[in-house]
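Computation of the quantities below employed the complete heavy-atom set of this structure, encompassing side-chain atoms and omitting hydrogens, waters and symmetry-equivalent molecules. Order of the sequence lines sets the chain letters (A, B, ...), proteins ahead of strands, with each chain counted from 1.
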2 protein chains.
Amino acid sequence: MATIKDVAREARVSVATVSRVLNKHDNISLKTKLVVENAIEKLNYEPNMLGRNLRRSKSGMILALMPSISNPFYSQIVEGIEDIATKNNYTVLISGTDSNMDKENLYFNLLKQKLIDGVILMNTLQEPEFINTLAKKYAIIQCSEYSEEVDIPFISIDNKKASYDAIKFLIKLGHKDIALINSDEEFLYARRRKEGYIEALKESGISIREEFMGQVGLGFDNGRRMVKRLLKLEKPPTAIFAVSDILAIGAIKEIHEAKLRVPEDIAVIGFDNIEFANMSTPSLTTIAQPMYQIGCEATKMLLKRIDNIDTKIDNLILDYNLIIREST
Amino acid sequence: MATIKDVAREARVSVATVSRVLNKHDNISLKTKLVVENAIEKLNYEPNMLGRNLRRSKSGMILALMPSISNPFYSQIVEGIEDIATKNNYTVLISGTDSNMDKENLYFNLLKQKLIDGVILMNTLQEPEFINTLAKKYAIIQCSEYSEEVDIPFISIDNKKASYDAIKFLIKLGHKDIALINSDEEFLYARRRKEGYIEALKESGISIREEFMGQVGLGFDNGRRMVKRLLKLEKPPTAIFAVSDILAIGAIKEIHEAKLRVPEDIAVIGFDNIEFANMSTPSLTTIAQPMYQIGCEATKMLLKRIDNIDTKIDNLILDYNLIIREST
DNA sequence: TTGTACGCGTTATCAA
DNA sequence: TTGATAACGCGTACAA
């Protein structure tokens, strides 16, 4: 394995000169530049990043931390992150924490160990103070889901308004009995979407029915269970708004199980527009967040932060889209 | 940021001693060990991995390279990889190449740059010679999909036999007109599964019909298109074996579109047992590979290889399972 | 059992 | 425009 020394010897110059060529400094004569480049080619030299990283005290790696990498919700965000990162010569480390604190801490340690230069945080159960302390020394950005008590920049959509729009759409279709399958309200987005749900109903003079609102985990089965409960009601809903497509697909499964039809008997709206939303039967009406763009912008924010940890960075709220398909 | 020097000063010992404590050498007195550990705690010291990595000429990182990280097929494999890697103090870099050669090469370069210690290769379009050359100098393992012309260890299942079993199962249910939605036969697994399909039919005295076999891409829409074609036949099939769950789900979607029922009019079997196979309506009969275990074993093989590039490592063929659900 | 001193491969400072 | 040399933080051979 050739090192910079070998190249220098081969080109009969100093290692400093080789380094300058490598890093495209401009104060170098064309002649020696060519000589060096020839030597590099001849020796098949590749810079050893371990040396460079130590010297620069940078790893050139950023971490995208999310609860689960298999959750299709994050796929496009990750694409955005990777595109911007690659363009800026960073490598992206993608990791799922299973919402497990120990695992999360393992990854946060990479910051202290200098193995990553920054973190894009999708959704964490850490205490706000913990993140705040960390963010004083390291570059961290909140992406998609965030906490208001955490004092670092975030990027997201207006969850309340999105939810409001979804419900308004159902009302326009003639629905009055609309259920909400929400996820745990410890999450900000869940609280916001509930607010939008309530506001839309109130505005249309529809009374809020407690038995129509459920707080469940994010899994497919939770969607099913919630519908099972709803169908046992004396007057079941004619429409359901689920805060994730997976929950919505679970809901549809259970509705079919009960020999009812979607959307004829019960309409269903999801959230996220994951790839499968278009594949399910019936295809799913849902709210699409600009995932790819969210990933891009989050990364740009992070890189700014890495370059200068003291930059003031503004939060970003992006637009969303209601995508109407067969389930409504 | 405290360094090993600071710790040494604080503990009034040499950096060598601190290093020994850090690396759990045994030739060190309990007393100094305690002193050093106190200093580490007091200064909140974390080893700088950039220094350690350079010195050891290792990055402690392995790469899991697959066509697409959003393909749920790989999720559990990745889990296995991460578990074993973490247990051995490695960090896993997960990357999707979109079957794009440029992107792939970018990642292979990480090997030369010393940023990764080895690669678990899921599915690549690279020429066998390219991989072979690379594998002489670097630790590489083939996982799940592999090439027979590549001379590095692989881990997989018996795709021919799995396919054979699926078809035999359909025949046992009374089906005679069985279609095959295969993926591109440039892939070994596609060729193998076709062999199994043909062998099962022949063995049961069912003649092979060319118009029942299709080679398509892996996307959902390809499953739909293929079914569209099959339904136009004078005598359409009564059962379909799709070589991936996504294709199978696409097929079902199109069957429903044609106002036919699954499995009453047409039975469908998939392959992979992705999470959604159990969520779709009807739930999908499919072949389950031991993904998690595949990931674990692949990683063990790779780590062996990293420790000693010259070890002879045996290939591994694991078992699979036919999971019977509603679609048959 | 402990310390001294060198080197891993690179970049950056300073002087020429 | 170029070169000599000192770091970056760590691990280890060798000596004590």
task = Only counting residues at least two apart or in another chain, list the ones meeting side-chain contact (heavy atoms from CB on, under 4.5 Å) with A/K137.
result = B/M1
task = Give me the first and last nucleotide of DNA chain D, going 5' to 3', that has any atom under 4.0 Å from a heavy atom of chain B.
result = D/dG9 to D/dA13
ask   = Where does the angle between the aromatic ring planes of B/F108 and B/F130 fall among parallel (under 30°), tilted (30 to 60°) and perpendicular (over 60°)?
value = perpendicular
message = With heavy atoms of chain B within less than 4.0 Å as the criterion, where does contact along DNA chain C begin and end?
response = C/dT1 to C/dG9
key: Where at least one partner belongs to residues 15-27 of chain B, residue pairs that pass salt bridge (charged side-chain N to carboxylate O under 4.0 Å, His left out), sequence neighbours excluded   = none
Side chains of residues 4-16 of chain A: which donor-acceptor pairs under 3.5 Å do they make with residues two or more places apart or in other chains?
unit_1 : atom_1 : unit_2 : atom_2 : d
A/D6   : OD1    : A/R9   : NH1    : 3.4
A/D6   : OD2    : A/T3   : N      : 2.8
A/E10  : OE2    : A/K42  : NZ     : 2.9
A/S14  : OG     : A/A16  : N      : 3.4
A/S14  : OG     : A/T17  : N      : 3.3
A/S14  : OG     : A/T17  : OG1    : 3.3

ask   = Which residue lies toward the 5' end of DNA chain D, A/T32 or B/T3, if each is placed at its nearest nucleotide?
value = A/T32
task = Output all residues satisfying side chain to side chain donor-acceptor pair (under 3.5 Å) with A/N27, sequence neighbours left out; order by chain, then residue number.
result = none
query = Does anything in residues 90-113 of chain B pair up under salt bridge (charged side-chain N to carboxylate O under 4.0 Å, His left out), and if so which pairs, sequence neighbours excluded?
reply = B/D98-B/K103
inquiry  = Applying side-chain contact (heavy atoms from CB on, under 4.5 Å), can you list everything that pairs with B/I116, at least two apart in sequence or on another chain?
reply    = B/M61, B/L63, B/L93, B/L110, B/L111, B/V119
request  = Could you grab the distance from atom CD1 of B/I155 to atom NZ of B/K300, nearest 0.5 Å is fine?
outcome  = 9.0 Å
inquiry  = A side-chain contact here means heavy atoms from C-beta on lying under 4.5 Å apart; do B/E145 and B/L188 qualify?
reply    = yes
Sequence neighbours left out, cut at 3.5 Å: what donor-acceptor pairs do the side chains of residues 72-83 of chain A make with other protein atoms?
unit_1 : atom_1 : unit_2 : atom_2 : d
A/S75  : OG     : A/P72  : O      : 3.2
A/D83  : OD2    : A/Y292 : OH     : 2.6

key: Counterpart residues, side-chain contact (heavy atoms from CB on, under 4.5 Å), relative to B/E41 (two or more places apart)   = none
request  = Would you please say whether a donor-acceptor pair under 3.5 Å links the side chains of B/S59 and B/N53?
outcome  = no
ask   = Of all of residues 8-22 of chain A, which get a heavy atom below 4.0 angstrom from DNA chain C, listed by number?
value = A/A16, A/S19, A/R20
ask   = In residues 34-60 of chain B, which residues come under 4.0 Å of DNA chain C by heavy atom?
value = B/L54, B/R55
